[in-house]
Protein chains: 2
Amino acid sequence: MVSHRLSSPDHTAATAAKGVEQAFRMLEGRWKLLILFHLFGGQLRRFSDLERALPDISQKMLIQQLRQMEGDGIVRRIVHHQVPPKVEYGLTDWGQALCPALDALLAWAERRPPLAD
Amino acid sequence: MVSHRLSSPDHTAATAAKGVEQAFRMLEGRWKLLILFHLFGGQLRRFSDLERALPDISQKMLIQQLRQMEGDGIVRRIVHHQVPPKVEYGLTDWGQALCPALDALLAWAERRPPLAD
DNA sequence: CGGTATCCAGGCAGATACTG
DNA sequence: CAGTATCTGCCTGGATACCG
């Protein structure tokens, strides 16, 4: 029986959920979305810039989240071999492509009707 | 290159992230997406139907995830006062509206290029 | 049938201190 | 500047047993 109106017809509930869960796992974590929204638009940000932009994050968490997103292919890391060291972070093309999808989710969240129970 | 920005101009990185995080929090949890994809399309499913559809879930987890989504206004619960008891679960209109947003995220996940490191 | 109640373990976030 | 290492506490999910 045809049920969930996904654009792609060849998904079961299980495969669709699995795909979305993959996406979720890459974006979960208290800081990843915040980092992402600071990088949308093609900007490059230094490690210390991001530290300042996210005042409550520890260095451990910042590098951890950046490395995970780099490993997932969302973030790219650009090392300038200088003294003192300089490292910039930006998005890959695929990472940039997240923007409209997150936008859709944001729009949905903001359409929430009052809970009229 | 056209920078990818949000459709709504009055978002900072912080407010946008906050909105999307709200959405994420409502959908996080090992079973919620799976439940959701079983309910997309306007179907009503009994508690025991869902239990059968998600063979590895415990009753505690099933009811917990359903209740949370009900509290968030995504799922609605329909109690039929009968003996034996019968309870059905479906989506609210707003819950249904999640489908295109998740579809976008699913499409993104499936566009992932090979990690050519 | 459709739930509650209770206990438990693992993972992840956070603080803090140290380093090339 | 841009990280690494270690310790700790909490929260979430899971197993199990019981109830209207």
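Chain letters run A, B, ... following the sequence lines, proteins first and then strands; every chain starts at 1.
Distances were taken from every side-chain heavy atom of B/Pro85 (C-beta onward) to each of C/dG2, C/dG3, C/dG20; the shortest belongs to C/dG2. Which of D/dG3, C/dG2, D/dC1 sits closest to the side chain of B/Phe47 comes down to C/dG2.
For A/Arg46, a side-chain nitrogen or oxygen approaches OP1 or OP2 of D/dA2 to under 4.0 Å. Contact between the side-chain N/O atoms of B/Ser58 and the OP1/OP2 oxygens of D/dT16 is not found at any separation under 4.0 Å. Dashed line: the shortest gap from a side-chain N or O of A/Arg77 to OP1 or OP2 of D/dG3 is under 4.0 Å. In terms of phosphate contacts, A/Arg52 brings no side-chain nitrogen or oxygen within less than 4.0 Å of OP1 or OP2 of D/dC1. Taking side-chain N and O atoms only, A/Arg67 has a distance below 4.0 Å to OP1 or OP2 of D/dG3.
Using a 4.5 Å heavy-atom threshold, the side chains of B/Ile35 and B/Leu66 count as touching. Side chains of B/Asp72 and A/Leu115 form no contact here, defined as non-hydrogen atoms less than 4.5 Å apart. A/Leu27 places a side-chain heavy atom less than 4.5 Å from the side chain of A/Ile74.
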N/O contacts under 3.5 Å, protein versus nucleotides 7-13 of chain D?
{"residue": "D/dG13", "atom": "OP2", "partner": "B/Gln64", "partner atom": "NE2", "Å": "3.4"}

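Heavy atoms of other residues, nucleotides or ligands lying less than 6.0 angstrom from CG of B/Asp49 number more than 12. Surrounding NZ of A/Lys86 are more than 12 heavy atoms belonging to other residues, nucleotides or ligands, all under 6.0 Å away.
In this structure, the CD atom of B/Gln59 is 15 Å from the C1' atom of C/dT6, given to the nearest Å. Between the P atom of D/dA2 and the CZ atom of A/Arg45 lies a distance of 13 Å, rounded to the nearest Å. The separation between A/Leu62 atom CG and C/dA15 atom P is 14 Å, rounded to whole Å. Atom CD of A/Glu51 is separated from atom P of C/dA15 by 13 Å (rounded to the nearest Å). The interatomic distance linking B/Asp56 (CG) with D/dA15 (C1') rounds to 13 Å, in whole Å. Rounded to an integer number of Å, the gap from B/Asp49 CG to C/dG3 P is 13 Å. For B/Gln82 and C/dC1, the CD to P distance is 13 Å, given to the nearest whole Å. Rounded to whole Å, the distance from CD on A/Glu88 to C1' on D/dA2 is 13 Å.
Taken to the nearest 0.5 Å, the CZ atom of B/Phe47 stands 11.0 Å off from the CZ atom of B/Arg52.
Counting only N and O atoms by type, the side chains of A/Arg45 and A/Tyr89 include no donor and acceptor under 3.5 Å apart.
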